[in-house]
Amino acid sequence: MADLHLVVDRAAGGLAGQIAREVREAVRSGRLVPGARLPATRDLARDLGLSRGVVVEAYEQLVAEGLLESRTGAGTRVAARVAAGAGRQPAPGRPGDEREGSWPHYGHRPTSPDLGLFPRQAWLAAVRHVLATLPNDALDYGDPGGVPALRRELAAYLGRVRAADVSPDDVVVVTGVAQGLSLVVQALVRDRGRRIVLAAEDPTSARQLPLFRRAGADVVPVPVDGEGIVVEGLPGDADAVVVTPAHQYPTGVVLSPARRAALVDWAARTGALVLEDDYDAELRFDRDPVGCLQGLAPDRVVLAGSVSKALAPGLRLGWIAAPPRVARAVRLARGELDLGSPVVDQYVLAHLIDGGGYDRHLRRMRREYRRRRDALVDALAEDLPWMTVRGISAGLHLYAEGTGDLSGLVEAARAAGLSAETVTSAHGSPGLVLGFARLPAHRVAEAVRVLAGKAGRDVRG
Ligand SMILES: Cc1ncc(COP(=O)(O)O)c(C=O)c1O
């Protein structure tokens, strides 16, 4: 007979439910194995000082769930086919809990921000404000292109911070750069009546490519050098090109003034659309970021951005600013896809931008991430001098080139607290992307020493 060691809190009520939960947990943890016989209801009730009916109710519930089996004369046993861990309900998560590690290809990207720096208090205050003031009707299905208040704030913000040239009507709220650009590709495919040719930087953010392909694009890689994408290398038949002009991902270079002009000319000449992935533009540390390309050619460029780097990727909140016909098509596509983004978060972001809280947070993030990046650059120069750091002082990742196979460094870097990925490119040297956002400046030097020790053994030797 199994001894159950049940703990029941009489004051909390729901006694049968408590017993059932305790027995479930005992089965799932393996304390009660299949076939184990449970105490008779009368005995357990007496032990617990409860009425027998409460225990009967709990057992009946578990029999109905298939966890227990009850046969006349044989008592109640744990069902033969129940395995430890079966049917486990997820425990409530705690902030910072990483149980989503079961999605191995997501999370811990080198471009993820330090989620410990998420402005919880400011966000909470904005949520409170929004819930206290929002009229009931605002909670209905909204414009699939986004709530007007946020589109207005974003148009003004992008004009002020990114020198964009956009009216609120041509801003579409999306779940991020990824969805925004996917919907643009889909709209182009629909317009052309065929798959499109999409030129993309090489190297690039490899995670974006499957999204573009799924949306209907055949991707053509175009080399990147120290001035950004090589415009002469663009295929003549491209319907669009996707670029990261403010801070090329992954190499970290800025598109030079000459290349910016050449790219805009190319788009005007060929009729192609430029998709400007502005993923981390607000995080420039040494000076103001270069204005976006969209401001130079609003009729040819779609600007896409999000709060993924400034606040948190998990918010899934972003925007595109597009030529009117593209904005219309994307809004329509979003309506047909899923009727738009959650409205409360949109009002919250609008309130945060309007009240200056978003700008304040960005100023803090720039100071903090600059410290972390500077510490990493110094430490690499000291301990891994054979790696060459490229790119500007910006963003959440740093790009370093080396020689040979750098894959051995990736695990070592991760173990040292830096998220890392190797970069493969048809052109150029092997590279390593090091995400420094999550490592406080005072821990960087030690982390790089660990990394360098490992590199000395595994990579060079
Ligand atoms: C270069 C680049 N573009 C776009 C994205 C996707 O961003 P979002 O979260 O806004 O969809 C990422 C995400 O890491 C990225 O690194």
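Computed from heavy atoms alone, side chains included, the values below leave out hydrogens, waters and symmetry copies. Both counts, for ligands and for their atoms, begin at 1 and track the order of listing.
Across all their heavy atoms, Val290 and Arg162 have their closest contact at O-NH1, 2.7 Å. When all heavy atoms are compared, the tightest approach of Asp202 to Pro221 is CB-CB, 3.8 Å.
For atom 9 (O) of ligand 1, the nearest non-hydrogen atom from the set Ser112, Ser308, Ser205 belongs to Ser308.
Remark: Asp345 does not engage Arg316 in a salt bridge, criterion side-chain N to carboxylate O under 4.0 Å. Using a cut-off of 4.0 Å between Lys/Arg side-chain N and Asp/Glu carboxylate O, Arg414 and Glu411 are scored as salt-bridged. In this structure, Asp191 does not pair ionically with Arg325, as no charged nitrogen and carboxylate oxygen lie closer than 4.0 Å. In this structure, Glu25 does not pair ionically with Arg21, as no charged nitrogen and carboxylate oxygen lie closer than 4.0 Å. A salt bridge links Asp374 with Arg370; the closest basic N to acidic carboxylate O contact falls under 4.0 Å.
Close N/O approach between Ala178 and ligand 1 is found [any backbone or side-chain N/O within under 3.5 Å]. Ligand 1 has no N or O atom lying under 3.5 Å from any N or O atom of Gln179, backbone or side chain. Not one N or O of Thr175 is nearer than 3.5 Å to an N or O of ligand 1, by distance alone. Checked by distance only, ligand 1 and Thr244 stay at 3.5 Å or farther apart across all their nitrogen or oxygen atoms. Checking only distances, Lys309 does come within under 3.5 Å of ligand 1, N or O to N or O. In terms of N/O distances under 3.5 Å, ligand 1 is not approached by Tyr279.
For the residue pair Arg334/Ser341, the side-chain donor-acceptor check at 3.5 Å is satisfied.
Taking every heavy atom of Tyr249 and a limit of under 4.0 angstrom, the matching atoms of ligand 1 come to 1 (C). Listed by atom number, the atoms of ligand 1 under 4.0 Å from Ser306 heavy atoms are 8 (P), 10 (O). Heavy-atom proximity to Gly176, at under 4.0 Å, picks out these atoms of ligand 1: 10 (O), 11 (O). Listed by atom number, the atoms of ligand 1 under 4.0 Å from Arg316 heavy atoms are 8 (P), 9 (O), 11 (O).
At a 4.0 Å cut-off, not a single heavy atom of Arg207 sits close enough to ligand 1 to count as contact.
Remark: minimum distance from atom 16 (O) of ligand 1 to any protein heavy atom is reached at Thr111 OG1, 3.5 Å. With respect to atom 5 (C) of ligand 1, the closest heavy atom belonging to the protein is Gln208 OE1, 3.8 Å. Annotation: atom 7 (O) of ligand 1 to nearest protein heavy atom, Val177 CB, 3.8 Å. Regarding atom 4 (C) of ligand 1, its nearest protein heavy-atom neighbour is Asp277 OD2, 3.3 Å.
The number of heavy atoms from other shown groups lying within 6.0 Å of CG (Asp286) is above 12. Atom CZ of Arg194 is surrounded by more than 12 heavy atoms from other residues, nucleotides or ligands within 6.0 Å.
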